[in-house]
Amino acid sequence: KEEARNTQLQTAVMISQIQPHFLYNSLNTIAALCENDPKRAKEATVAFSDYLRANMDSLSRMSPVTFETELEHVKTYLWLEQIRFPDKLAVRYDIRCTRFFLPALSLQPIVENAVKHGVCRKKGGGTVTIGTYETEEAYYVTVRDDGIGFDPEQAFSGDRAHIGIENVR
């Protein structure tokens, strides 16, 4: 019971670290849409609400989720980001398998990293590609971007600037 409570607290801390900028940016995007495109603002509000609900649901979940559930969550995140960056962010999917489980909120921080630190820092933007495949031994999930790149040594150094990667660990 103590271990479950600690896991819940760790998840809550992770969510609070990952989301503030995305939350503020999404709300600002929706506010701008209210004037320019009310119908899309309504769609974005519903998507944003679904996104928040999925995050809150993950706080009470101790078991892994299906990849399909995690992918839907990521698709919502990416759709909201594409509203913010319509000419900068393209998304591609190469999903070859979906019948496996993974920890809730483990894919989104990796995708967020690809968007924030790869594609959106590249002049002209780029593409994030999410893929899955399986071998006899394991299921694999890949996240790639054609952004500016990074120094792998720095990304895995435990530096506070790489909270998303650290949280996934």
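The analysis underlying the following values was restricted to heavy atoms, covering all of them including side chains, and did not include hydrogens, waters or symmetry mates. Residue indices begin at 1 and follow the sequence shown.
- The shortest side-chain heavy-atom distance between L71 and K75 falls under the 4.5 Å cut-off.
- Side-chain heavy atoms closer than 4.5 Å link hydrophobic residues (I, L, V, M, F, W, Y) into clusters, and following such links, even through other members, never connects W79 to V46.
- For Y133, the ring pair (Phe, Tyr, Trp, His ring centres under 6.0 Å) test picks out Y140, with sequence neighbours left out.
- Shown here for A114 and V128, the closest heavy-atom pair between the two residues is CB-CG2, 4.1 Å.
- Closest of all the heavy-atom pairs between H73 and L105 is NE2-CD2, 3.4 Å.
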**Prompt:** salt bridge (charged side-chain N to carboxylate O under 4.0 Å, His left out) between D146 and R144: does it pass, once the steps are laid out?
**Reply:** CA-CA 7 Å; D146 59 2; R144 293 188 172 113; over 6 Å; no

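- Within the 4.5 Å cutoff, the side chain of P64 has no heavy atoms near those of the L102 side chain.
- In terms of heavy-atom proximity, A41 sits nearest to C34 at CB-N, 3.7 Å.
- The cluster map of Ile, Leu, Val, Met, Phe, Trp and Tyr, joined by side-chain heavy atoms under 4.5 Å apart, puts V65 and F67 in different clusters.
- Side chain of K88 to backbone of C120: a donor-acceptor contact under 3.5 angstrom is found.
- Here the CD-CD distance, from E70 to E72, works out to 11.0 Å after rounding to the nearest 0.5 Å.
- Closest approach of I148 and H117 over heavy atoms only: CG1-O, 3.5 Å.
- For S26 (side chain) and F22 (main-chain N/O), a donor-acceptor pair under 3.5 Å exists by modelled atom type.
- Counting only heavy atoms from C-beta outward, the side chains of N113 and V143 never approach each other to under 4.5 Å.
- Considering only heavy atoms from C-beta on, T127 stays 4.5 Å or farther from D145 through its side chain.
- Taking CD of Q82 as the start and OH of Y77 as the end, the distance is 10.5 Å to the nearest 0.5 Å.
- Between T29 and F48 the shortest side-chain heavy-atom distance does not fall below 4.5 Å.
- In this structure, the side chains of L89 and V115 come closer than 4.5 Å at one or more pairs of heavy atoms.
- With rounding to the nearest 0.5 Å, the separation of CG in N25 from NZ in K116 is 9.0 Å.
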**Request:** Just do the side chain to side chain donor-acceptor pair (under 3.5 Å) check on T66 and T69 with the steps written out, would you?
**Result:** CA-CA 5 Å; T66 65; T69 299; 2.8 Å; yes

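- Atom-to-atom distance recorded for T142:OG1 and L107:CG is 9.5 Å, nearest 0.5 angstrom.
- The shortest side-chain heavy-atom distance between F100 and V141 falls under the 4.5 Å cut-off.
- L27 and L52 fall within the same hydrophobic cluster, where Ile, Leu, Val, Met, Phe, Trp and Tyr residues are linked whenever their side-chain heavy atoms come under 4.5 Å apart, directly or through other members.
- With rounding to the nearest 0.5 angstrom, the OG1 atom of T76 is 6.5 Å from the CG atom of D50.
- For the residue pair E68 and T98, the shortest heavy atom distance occurs at OE2-OG1, 3.3 Å.
- Remark: aromatic rings of F101 and Y139 are distant, center separation not under 6.0 Å.
- Here the closest non-hydrogen pair linking T132 and C97 is OG1-O, 2.7 Å.
- Proximity of a side-chain donor or acceptor of S106 to a complementary backbone N or O of P103 within less than 3.5 Å is detected.
- In this structure, the side chains of Q108 and Y51 come closer than 4.5 Å at one or more pairs of heavy atoms.
- With sequence neighbours left out, Y93 forms a ring pair (Phe, Tyr, Trp, His ring centres under 6.0 Å) with no residue at all.
- How far CG of D94 is from CD1 of I130: 11.0 Å, rounded to the nearest 0.5 Å.
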